[in-house]
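A short worksheet on the structure shown next.
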Number of protein chains: 2
Amino acid sequence: MDATLAALADPTRRKVIDLLRDGPRPAGELAEAVSMSAPALSRHLRVLRAGGLVRAEAGGDDARLRVYTLRPEPFTALQAWLDQVQAFWAEQLGSFKDHVERGR
Amino acid sequence: MDATLAALADPTRRKVIDLLRDGPRPAGELAEAVSMSAPALSRHLRVLRAGGLVRAEAGGDDARLRVYTLRPEPFTALQAWLDQVQAFWAEQLGSFKDHVERGR
DNA sequence: GCAACGATTAACCAACACGTTAACGACTTG
DNA sequence: CAAGTCGTTAACGTGTTGGTTAATCGTTGC
């Protein structure tokens, strides 16, 4: 949870996530898409990997390529936490409902 | 979106969110709950306020108190983004379904 | 009015995050 | 095998973050 949100805190990394939304891509394409030096992006990718947000596999045809793909687990975990937080307003709504039903 | 995730990146601030889940609290209580000096927490609260995650109102009885409450907007916005990201696997599932239905 | 209190801001410092260029290892291609 | 390519790590400078204590502002209560 900690690693997930730390990873998502950076705009560049979020942009990478958004890019990967329409399909896996090799590191090079990602670097160019965010107009950043390859080393800089490589470290962002390391953070994303450490947080389990992405996974890298060797490109089948050209083994030099490292193809990155989104991983679902951290996102579902985050969503679960968000649901818990939002339960707060559900309670508020419940109190209000009780309040109303109690006739005032 | 940026401010939201930046705010959530810090563990202390997430703990504050979790504390506020079961009701509004004054700054002092929060500071003690996270065992941190009042100034340190005050700055965390400023970040949370800037991101719109919380709102502060003067305590009705004692005007020295600043009572903090959760605000829903950033959380729903974040959830919307998460849904978009997760659409990725929905597509994958679709492809798999097509794959199966195509008889192989 | 004056001491105490709650909260924030100011000033300062250690630690970390992020970008750059340079160097390196692994693979491909002629 | 030699040169070029893809990606990562190393080393470095810089800006930001997060904590501390000291000072400030508004409110409370005797």
Side-chain angles (χ1 to χ4, degrees), chain A residues 1-20 23-71 74, chain B residues 1-20 23-71 74:
Chain A
M1 188 81 236
D2 201 13
T4 302
L5 283 162
L8 293 176
D10 185 89
T12 302
R13 289 194 288 265
R14 277 201 305 280
K15 183 150 188 185
V16 169
I17 299 286
D18 284 331
L19 287 166
L20 290 181
R25 297 184 185 288
E29 280 188 35
L30 294 171
E32 191 183 7
V34 302
S35 37
M36 183 175 292
S37 70
L41 187 75
S42 187
R43 283 201 351 198
H44 283 301
L45 290 172
R46 176 161 58 177
V47 174
L48 289 170
R49 256 184 287 128
L53 310 205
V54 303
R55 153 178 60 98
E57 38 194 352
D61 51 333
D62 187 342
R64 287 174 301 182
L65 272 50
R66 300 253 298 167
V67 179
Y68 280 86
T69 314
L70 284 178
R71 281 170 59 78
Chain B
M1 187 81 235
D2 200 12
T4 302
L5 283 162
L8 292 177
D10 184 89
T12 301
R13 290 194 286 266
R14 276 201 305 282
K15 183 150 188 185
V16 169
I17 300 285
D18 283 332
L19 287 167
L20 291 181
R25 299 186 184 285
E29 280 187 35
L30 295 171
E32 191 183 7
V34 301
S35 37
M36 183 175 292
S37 70
L41 187 74
S42 188
R43 281 196 355 199
H44 283 300
L45 289 172
R46 178 162 57 179
V47 174
L48 289 170
R49 254 183 289 131
L53 310 206
V54 304
R55 154 177 59 96
E57 38 194 353
D61 51 336
D62 188 342
R64 288 173 301 182
L65 271 53
R66 299 255 297 170
V67 179
Y68 280 84
T69 313
L70 284 179
R71 281 169 60 80

task = Find the distance between NZ (A:K15) and CG (A:L41) and round it off to the nearest 0.5 Å.
result = 11.5 Å
ask   = Hey, does A:R43 reach any base, or is it just sugar-phosphate, or nothing, if we go heavy atoms under 4.0 Å?
value = base
task = Mind listing the residues from residues 25-35 of chain A sitting with a heavy atom below 4.0 Å of DNA chain D? Number order is fine.
result = A:P26, A:A27, A:G28
task = Check whether any side-chain heavy atom of A:H44 lies under 4.5 Å from a side-chain heavy atom of A:V16, and answer yes or no.
result = no
inquiry  = Quick check on C:dT20: is either OP1 or OP2 less than 4.0 Å from any side-chain nitrogen or oxygen of A:S37?
reply    = yes
task = Would you mind telling me which of D:dT20, D:dT8, D:dT9 lies closest to the side-chain atoms of A:L45?
result = D:dT8
key: Reported OG1-to-CG distance for the pair A:T4 and B:L5, which is rounded to 0.5 angstrom   = 11.0 Å
query = Where the side chain of A:A40 is defined as all heavy atoms beyond and including C-beta, which of D:dT9, D:dT20, C:dG19 is the nearest nucleotide?
reply = C:dG19
request  = Return the 5'-most residue of the pair A:A6, B:R49 with respect to DNA chain C, ranking by each residue's nearest nucleotide.
outcome  = B:R49
B:R49 vs B:R46 side-chain heavy atoms within contact, under 4.5 Å = yes
Residue mapping more 5' on DNA chain D - nearest nucleotide basis, A:A38 or B:T12 = A:A38
inquiry  = Taking the side chain as everything from C-beta on, heavy atoms only, tell me whether B:L8 gets closer than 4.5 Å to A:L8.
reply    = no
request  = Answer yes or no: are there more than 12 heavy-atom neighbours, outside A:E57 itself, under 6.0 Å from its atom CD?
outcome  = yes
query = Looking at DNA chain C, which of residues 55-65 of chain B put a heavy atom within less than 4.0 Å of it?
reply = B:R64, B:L65
Heavy-atom side-chain proximity of B:D2 to A:R14 below 4.5 angstrom = yes
Atom pair CZ/CG of B:R25 and B:L70 - distance to nearest 0.5 Å = 11.0 Å
